[in-house]
Engineer: 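Below are the structure tokens for one structure; questions will follow.
These values consider heavy atoms only, across backbone and side chains, with no hydrogens, waters or symmetry-generated copies. All chains are named by letter (A, B, ...) in the order of the sequence lines, taking the proteins before the strands, and each is independently numbered beginning at 1. As the structure is a computational prediction, the values presented were derived from the model and not from experiment.
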Amino acid sequence: MMANTPNTATAAPVQENRKIRRFGMVINLDNCTGCGSCMMTCAVENNCAPAKEKITDRTGITLMRVFPVNDRQPMPVRQAGFVPMPCMQCEDPPCELVCPQQAVELDPLSGIVDQMPQRCFGCRYCMAACPYHARYFNWYDPEWPKGMEQTLNPAVAPRMRGVVEKCDFCHGRLHLAEDQAAIDGNDDYTYTPACVEACPTQAIVFGDLNDEDSEVSQLAKDPNSFRFLAKLGTEPKVYYYSEHEWRRNLAERDMNGNASRNEGKEA
Amino acid sequence: MAITRRDLLLFGGGSVAALPFTPIPYKLLDDVSIWTQNFPWLPVPVPGEITLASTTCTLCPAGCGLKVRRVNTRPIGITPAAGHPVSRGTLCPLAFGAHQLAWHPLRLRQSRMNGQDAEPAAIAAKVAEAVGAGKKFAILDERPGRAVSSLYRQAAAKAGGVYLTPRLEEEAPLAAIRALCGEGAPEFGFDLEHARTVLSFGAPLLDGWGVPGAMKLHWKGRETAFIHAGSRFSPTAQLAAKWLPILPGSEAALALGLARVLVDEGLAAKVNGLDHYRALLNQMPLNRAAEITGLKAETIAETARRLQAEGPAVAVGGGDLAGPLGRETEAAIAALNALLGAVGREGGLVARRALAADAADLAPATPLEEADAGSIGVLLVEAATAGTARPWKSIAAKLAEDALVVLLSPYNSGYATFAQAQVATPAFLESLEEAPTAPGAARHSFALAPAVLEAPETAVAPAEFLALVAAEAGWAGLSEATTESACRARAAAIHASKRGSVFSIEDASETKVSEIGSADELYSKLAAGAVWVDDAPAAAAPPAVTLPGAAEGERQRMLTAATAPVHGPGGEGALVAIPAAWTGNTASGVRVPLAGKLDQESLLRALPGEALIHPATAQRFRLKQGARVRVEAPDAQYLATVRFSDAVMQGVVEISPGETEALDLFASTHGGASRAVRVRLGRA
Amino acid sequence: MINRSLLLFVAGAAVMLLAGWVAFPRALYRQVAQPLDFDHKAHTVTAEMECLSCHEYRYDGTFAGIPKIDNCALCHSEPLGETENERKLVDEYITPGKEIPWLVYSRQPINTRFSHSVHTERAKVECERCHGDHGKSETLRPYEYNLVSGYSRDIWGPSISRLRRQPHQGMKMDDCMGCHQERGAVAGCLGCHR
Amino acid sequence: MTGTITKPAAIATVEKKWIVRGHERCSTARFMGWLAPWIGLLLLGLYATYLCFRYGLGETHLDNRFGFGLWIFLDLAVIALGAGAFFSGFLLYILKWKEIKAVINSAVVLGFLCYSGAVAVLAVDVGQPLRAWFTFWHPNTHSMLTEVTFCITVYLVVLTIEYLPIILKNRKFKSIPSFLVFEWELHKLMPVFAGVGVFLSFFHQGSLGGLFGVMRGRPFAFREGFSIWPTTFFLFVLSAAAVGPSFIILTTKLVEKITGKRLVKQDIYRVLAKTTGVLLTVYVALKSLDTLLWLNSTSIRAGVAPWEFYEFRPFGHATLFTEIVIFGMIPALLLLSRRLRERPGVITLGAVLACLGVVFNRFVMTIQTLALPTLSFDEFMIYLPNWVEYAVFGGVIAYAVIVYSLSYRYLNLFPQEMELQLAPKEVNDVSVR
């Protein structure tokens, strides 16, 4: 899919100087207080509707979702915290491979794994394939209380029932940045997704991983940074950071086996 | 020539055979798919120019600065105001969805009286008539301290009534400190920014206390030890450097136990009244404190030593939404602060500069619980939009038999079922609002929230309604008053004081008040969404502090609060209930429409109306996940849904309030309010 | 007998072909008249105005689209000429300050993100490439919309078969993709959809 | 047909004329009585379908973690069982096993019903069925699901073509000369269609397995393999081929039981049983090998210790044992043994176990795969389908029963039926009671 040399010599050389970006994140888990600001602002930015009565935590749409986690020790010595999970924007996305009609694509210019709800016919194969549960299905049509549809963000199209959606790093904001850059006549833009802007403890750092000097690139290389399920080889572009070992240990499933895992959960 | 069936078949066959050679099937297939991509019943956002409007969040007392992103005139999102001196560029989750509140399904679009639509003027006339008939007039102001509040106090004075304020849990520990300083004591605020060790008694400093994320930002890159004593494994408890899992209600015992160690080991600061306080502490041996709190004696001793050694240290009482602490417990925590030498010290409890006094002839603020029972004949309630947690029971007790209750609120919720009349007021962002000093803040501040949305024509601002009442009742000087006039008066007072500086959200600039030419100029800055913040308090000698419990009776009450912390009958089948609240799912406000993302659509919070219980406890009561239960306190009951959580203490049930009835559980009968109460669970 | 059968069969086929190629395209679209008849030529040729004089960009690079009534009022606060259309413009819209409810021929659905600035400023695509000589037209043709999908007819293009269409005819995804391919311009799904 | 109100007796007379000459069939009233409850179930299924189309799939108990549920599981199972059709075709037309002629018509009808039923359920299962054609217009050639969609669609067309001559041989239709000619021409082409069908079927059965095998993010399902095909690709082909004949055995026996007639000769059952036995043995061997490889290499490299998968009740080690030993090895051995195959009861038992085995395998691949946690803080999830899901599938079962019943009544599904009706009972034939 990458750009080949333009095959028509007369055409304007649009392609040559486009910068190839790899947007990514580093989320500092030690700073996350689990407030949920990222989830709320994400829902507002991306035109997610308030939940209907029947919707549950398993059918809801939370493109950014904060999971409560702990070290599975007994109370009261247990250590706990939160893991905010947007789409991991894998560089080798397992969801892209499986979509039968190219509704999922790894964007060549930004590295964003991108889901086109208008192309999607709702087979949900990508949801099964995603180990991060970052994909959400529209079990119903979205519905806003009367008048509230006026508050919708025009940079993002509302989705209809029967399609899958996911975090795409607030592409509406990326588009605005692109428009501005085009008017300004440069290709040197970046932007801030809603969750990054909203985090009250500035736990999320966002930027271009291709840019060696960016804060996000530097942080991603920190020995305390890690990625979830790295062994699956999906190459996520969302990194996590923690100075606490138990949090870093959340990255992979416990290879030593921990039989007490779901004890006390379902009695 | 007759047409036969065969002819028709042939003709039809020809048509069918030709169909694939027409565009019909393909074009229709395409168009129908496009139809599914643009279902006519789906809303289409209209593009336009994006602009930002600066304003202030008035949903809770924290007063955060925010920018409303608008397309043409429609608000489409909220972003935090970078560099804001109060909120420091942070916002809580609810603020992000707050621009949708104007369209909340519970929105009250028309004022109502006795279940019928009514003109606000008619309601005002009814109020004036009742006052004229000699009924005692009262105003309950759920957001005291605003400029508009002075209008209420004037009205109360004119009507010979009372101006009631609810108990603000964040202010309670500061009031307790003030009580120790005697006559003429200054107002206090917490200076957590400069503290090195902070001990909180259940105060949710990291999740719901004041400005979100502020503590994390204060303490970023510094070695601040945050110790949290509480019964809930709340986010604050999880993220604290140390969590002391104390048994429900045992805060007073812990405060006394810590004080005991400080006194016994000679670590206490020099304060007055140590002798009588020692008499109290003598009845609280460390082992007894350990037994009541469920901690090890050694842990208490270590904590006390640490507070002393790693100063400046401060103890934060106050409940916020963790549930109220009793007066005696607050006194014990105040005493602990006194013993730590935290009163009047940087990194402790600092004296706030007094705010310029409001105009004269104001009725004094009477705390709701001090009002005479059954005395009020006409009650106006100005409801806070979100984040209030007050049981209706505490209000009902003060009402006379045939009292007229008028609720001023944009929503048909909260106390609405108890009010004879509801005045539809503008919703958040629809009218000029104000954000006075946040509770517990070390400095005064004042911000205005200009309207960024058009209010419905039927909505009447509280001040306008008060003016209607004043006109009917003939209260001179009030019938012309508006929110704006009250705010202008406050701006003038601030300008006259020449203190502090003004931060403008729009260009993130700061201007000293002394450099601002006129009061009107200051007002216009504030009305554009700027915030005024007082200067830091001048260094002054710490005030003289006297430990509580000088009187034998007071000592006994404190001791009782510490040794018998949980009220209600015990015995077989009893559980201890504690509130598991967070801003936004409490009783009298409305939920931000998207708040369901945090509970209903994820497991980040408990849902309103849930009873969290340890699976082992549930097994003892043969309760299943999702079962409906009746939580019965001695004089209140509440229906809740069981959810298992192995982070809940055994024998404890955490109640996430959904309606005001839940709060009634914790408005216990023994005078003050209580954080823990003994309940029984019955099947609903 | 064979002849009669064949005749009937062919007749059926002919009727279907006629219906499909002639009646169906007409039946599928409905015509609506524009609120006013705008003369582009009078503005661009006679008055020598640029497209961007009225169809402008906002400071953030987004395209403002059809000009607002204030824009028209800059010149037409009083009628400049004597046409019926201009009188209507002044009396019915400019004086009361009402926006003209134009029906936009090239309106894309909400899921399509088309950045005019990226195309005209960065890639230097001429307005005419997509809008044809609309800027030189003297009259506004009726707006046509699809009864099933609701799309403007300009998106599919005037010919039902979409064969032998001019570069500016048709604004379906295929048309965008064709031009992109021609110019070697990479834009993933994300480039044009939201 | 007449358009006027007719007496039941008259209807019965007309109806009888459609029945194949020489076939004994029950009375019209009795047949209607048999159909009635199925029609009821079909209507219920249609109502449930309406709910899904009108309000969205939130009407089911599917959720974000169980995007695949009862429907996909049963679709896979039904398609695997429907493999009897392609495999019988393969045996008859490619390997020229003449015995298969006795059941080929029934197998074709069953195949058609399994596939069309599965497609019908899929139309409800996907969120936007009106956009399903995008797969053909914008296919992602890397996706196993694209392969499945293409193959199933084309194979369904092939099955329809194979079904057509069976219908056209109906007594009434035969009276129309052009139909007869058409049928005869079609018949000549049948081996071609069967060949195409076999190819397509082999391919999509494999792709269905590949569907799970390629899911890199799901270490429980992920398998390595040859080129682009994970091992599940081949295992699915093999398991479907193995149980196809067993399903033919079971359905035929069921029809015999219900109608109380002998429809095929006993030796047909033995041939089919032996086929299952041999193929199942190969399958079990390869499946065991694959499991060992996966446990000791593939899943470890994905960062999951093998025992992890079986840590969550109710999916303990017993599932693996059940799948491979009880539903694999045992039926394989039962049907492999010539001595045991002599006993009809053993054949039935073996066929039942083999069919259950393939169903269970499809269940494990869909439901267990999704139930197992992937992230370290995931919870094990339980999913229980609701009535809407059962009803939609029930409706498809009802559709299949109704169409099969009609086919059995009016078409010649079992060519040996008439012969067996006239012939004296075979001495050692105890299959029919």
Engineer: Report, by ascending residue number, the residues of residues 84-121 of chain C in heavy-atom contact with chain A at a distance under 4.5 Å; give 'none' if the set is empty.
Structural biologist: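 If one takes a 4.5 Å heavy-atom cut-off, the residues of residues 84-121 of chain C near chain A are C:I110, C:N111, C:R113, C:S115, C:S117, C:V118, C:E121.
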
Engineer: Please report the shortest heavy-atom distance between C:L190 and A:E105, naming the atom on each side.
Structural biologist: N-OE1, 4.5 Å

Engineer: I need the minimum non-hydrogen distance between C:R194 and A:A157, along with the two atoms involved.
Structural biologist: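 Heavy atoms only, the tightest pair is O-CB, 3.3 Å.
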
Engineer: Could you tell me whether C:E128 atom CD has more than 12 heavy atoms of other residues or ligands within 6.0 Å of it?
Structural biologist: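 For C:E128, atom CD is crowded (more than 12 foreign heavy atoms under 6.0 Å).
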
Engineer: With a 4.5 angstrom heavy-atom cut-off, could you sort out which part of A:A177 is near chain C: side chain, backbone, both or neither?
Structural biologist: neither

Engineer: Could you check whether atom CZ of C:R26 has more than 12 heavy atoms from other residues, nucleotides or ligands sitting under 6.0 Å from it?
Structural biologist: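 Not buried by this count: 12 neighbours or fewer within 6.0 Å.
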
Engineer: Which heavy-atom pair separates A:Q180 from C:Y59 by the least distance, and what is that distance?
Structural biologist: NE2-O, 3.1 Å

Engineer: Taking C:R58 first and then A:D179, would you say they form a salt bridge - that is, a charged N and a carboxylate O separated by under 4.0 Å?
Structural biologist: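 No, this pair does not count.
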
Engineer: Against chain C, label A:R119 side chain, backbone, both or neither, depending on which of its atoms sit under 4.5 Å from a heavy atom there.
Structural biologist: side chain

Engineer: Within residues 151-170 of chain C, which positions have a heavy-atom distance to chain A below 4.5 Å?
Structural biologist: none

Engineer: Given a strict heavy-atom distance threshold of 4.5 Å, which part of A:N153 is in contact with chain C: side chain, backbone, both, or neither?
Structural biologist: neither

Engineer: Given heavy-atom pairs under 4.5 angstrom as the criterion, report whether the side chain, backbone, both or neither of A:P117 touches chain C.
Structural biologist: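 Neither part.
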
Engineer: Tell me, side chain or backbone of A:L106 under 4.5 Å from chain C's heavy atoms, or both, or neither?
Structural biologist: neither

Engineer: Pick one of side chain, backbone, both or neither for A:L176, based on which atoms fall under 4.5 Å of a heavy atom in chain C.
Structural biologist: both

Engineer: With a 4.5 angstrom heavy-atom cut-off, is it the side chain or the backbone of A:Q118 that approaches chain C, or both, or neither?
Structural biologist: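 Side chain only.
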
Engineer: Take a 6.0 Å sphere around NZ of C:K41 and say whether it holds more than 12 heavy atoms from other residues, nucleotides or ligands.
Structural biologist: no

